[in-house]
Number of protein chains: 2
Amino acid sequence: MNVSKTAEKSSEKPGDAAKGRKDVAEVLPEALQLGELSEQLGYVLKRAQLKVFENFLRCMASLQLTPAQFSVLLLVEKNPGRNQTEIASTLGILRPNFVALLDNLESRDLCARIRSTNDRRSHILVLTDKGKAVLARAKKLVATKHEARLNELLGQANREALLEMLSKIANEF
Amino acid sequence: MNVSKTAEKSSEKPGDAAKGRKDVAEVLPEALQLGELSEQLGYVLKRAQLKVFENFLRCMASLQLTPAQFSVLLLVEKNPGRNQTEIASTLGILRPNFVALLDNLESRDLCARIRSTNDRRSHILVLTDKGKAVLARAKKLVATKHEARLNELLGQANREALLEMLSKIANEF
DNA sequence: TTATAATTGTTATGGACCATACCAAATATT
DNA sequence: AATATTTGGTATGGTCCATAACAATTATAA
């Protein structure tokens, strides 16, 4: 790293460096002080979110499902017969950006677009048999590897309290 | 954000003269069932994070500071005399991506790069007077408009519990 | 010492994600 | 019938994130 002798320089500008203890071990780069940063909700929230997504991707590596893809499968399973616009908007995904996402899932035979007979503009979304099977396996992985990790880290009660607070923020902030 | 826009159509005064109107044959509620999605930590976490960042940006509109820029100013203030690599890596920002961010802050005269005399490769980062002033105002805005909103939504105790849990996730997940 | 390796800031570049404008087909409204 | 709206889609640009590579500088090895 940088420091080899930075702190033991005999000629130091007064008031600039040398914040305090530096008697020994100046070979180690001192960790920075996070300060008020660790109290900033947005900062901690973002960091936590990245870690959770990272862990999610690891857990789903065998199924190659991203959080967004998983959420689409979940929502389509729970709401069969809905069209792209409805599924996308519920997830906060803009319709143009939803196209490629669906193309991917459809190319992997996980879900299918079906022209609606009522309204021939819209595409009804359904899970294929393979999609249902993959989703079932995905749920199992998430439960046993992902969410379980949370419980062991926070405890069941805290985990539920956390989810409730986050939902409140997501819905009422 | 992107919210559902259903139900607006039906916001008509009841008792109006019978005009063609919607055939009520179609099922009334268009709201989709979130189902297990609302129990997925990653989903709720991401949603909450977006809302918090959105609110942060609104609060900081007068100062034109993004969460990332704010975190840099905070960290530089707390750790004067550090170089770009140290500040960036502490924030989880890759050095190449940190350049443009700093260019922005420097062009606005909020912080400055100073060639280190010890190691002429590195740039020491410091806040300018204007940077200190802006950061002070930013802190006030965040405290009174942003974090205060959280307290009124969750309560002081819950807010602290939330931060602690998120920190735990960010550090130990 | 000199030759080689490592570090720092930087540019260039590509991918993922997000947002807007626009289009054709189909439907709804007037 | 004329017009407006909706749906899925394309094209496009912006932002963020990640990697490779480079010049200048410093550290290390021979």
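The structure presented is a predicted model; accordingly, all values stated were derived computationally and were not measured. In what follows, every chain begins at residue 1, and chains take the letters A, B, ... in the order their sequences are listed.
Atom CG in A/L50 sits about 14 Å away from atom C1' in D/dA18, given to the nearest Å. Atom-to-atom, CZ of B/R121 to C1' of D/dA27 comes out at 7 Å; the value is rounded to the nearest Å. Whole-Å rounding puts the A/L57 CG to C/dA16 C1' distance at 12 Å. Distance A/N104 CG to D/dG9 P: 14 Å, rounded to the nearest Å. Taking atom CG of residue A/D119 and atom P of nucleotide D/dT5, one finds them 16 Å apart after rounding to whole Å. Going from atom CG of B/N118 over to atom P of C/dT8 covers 13 Å, rounded to whole Å. The CZ-C1' distance, from B/F98 to D/dC16, rounds to 15 Å in whole Å. Put simply, CZ on A/F53 is 15 Å from C1' on D/dC16, counting in whole angstrom units.
For A/E36 and B/K78, the salt-bridge test fails: no basic side-chain N is under 4.0 Å from an acidic carboxylate O.
Distance CD/B/E54 to CZ/A/F173: 10.0 Å, rounded to 0.5 Å. The CD1 atom of A/I169 lies 10.5 Å from the NZ atom of B/K51; values are rounded to the nearest 0.5 Å.
Dashed line: the shortest gap from a side-chain N or O of B/T85 to OP1 or OP2 of C/dG9 is under 4.0 Å. Within the structure, every side-chain polar atom (N or O) of B/K46 is placed at least 4.0 Å from both OP1 and OP2 of C/dC17. For C/dA26, the OP1/OP2 oxygens have a side-chain nitrogen or oxygen of A/R120 closer than 4.0 Å.
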Decide yes or no on side-chain contact (heavy atoms from CB on, under 4.5 Å) for B/H146 and B/M60, but give the supporting numbers first. CA-CA 9 Å; B/H146 186 66; B/M60 297 299 237; over 6 Å; no
Can you check side-chain contact (heavy atoms from CB on, under 4.5 Å) on A/V142 and A/K139, steps first, answer last? CA-CA 5 Å; A/V142 167; A/K139 283 184 189 177; 5.8 Å; no
Set out, in order, the CA-CA distance, both residues' side-chain angles and the distance that settles salt bridge (charged side-chain N to carboxylate O under 4.0 Å, His left out) for A/E164 and A/K168, then state yes or no. CA-CA 6 Å; A/E164 193 177 350; A/K168 204 163 190 174; over 6 Å; no
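Here A/E152 pairs with A/R149 under the side-chain contact (heavy atoms from CB on, under 4.5 Å) rule; sequence neighbours left out.
Comparing B/L94 and A/I124 by the nucleotide of DNA chain D whose heavy atom lies nearest to each, the residue mapping closer to the 5' end is A/I124. For A/N83 and B/I93, each mapped to the nucleotide of DNA chain D holding its nearest heavy atom, the one lying further toward the 5' end belongs to A/N83.
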Can you pull every protein N or O that's under 3.5 Å from an N or O on nucleotides 10-12 of chain C?
from	atom 1	to	atom 2	distance (Å)
C/dT10	OP1	B/R113	NH1	3.3
C/dT10	OP2	B/Q84	OE1	3.0
C/dT10	OP2	B/Q84	NE2	2.9
C/dT10	OP2	B/R113	NH1	2.5

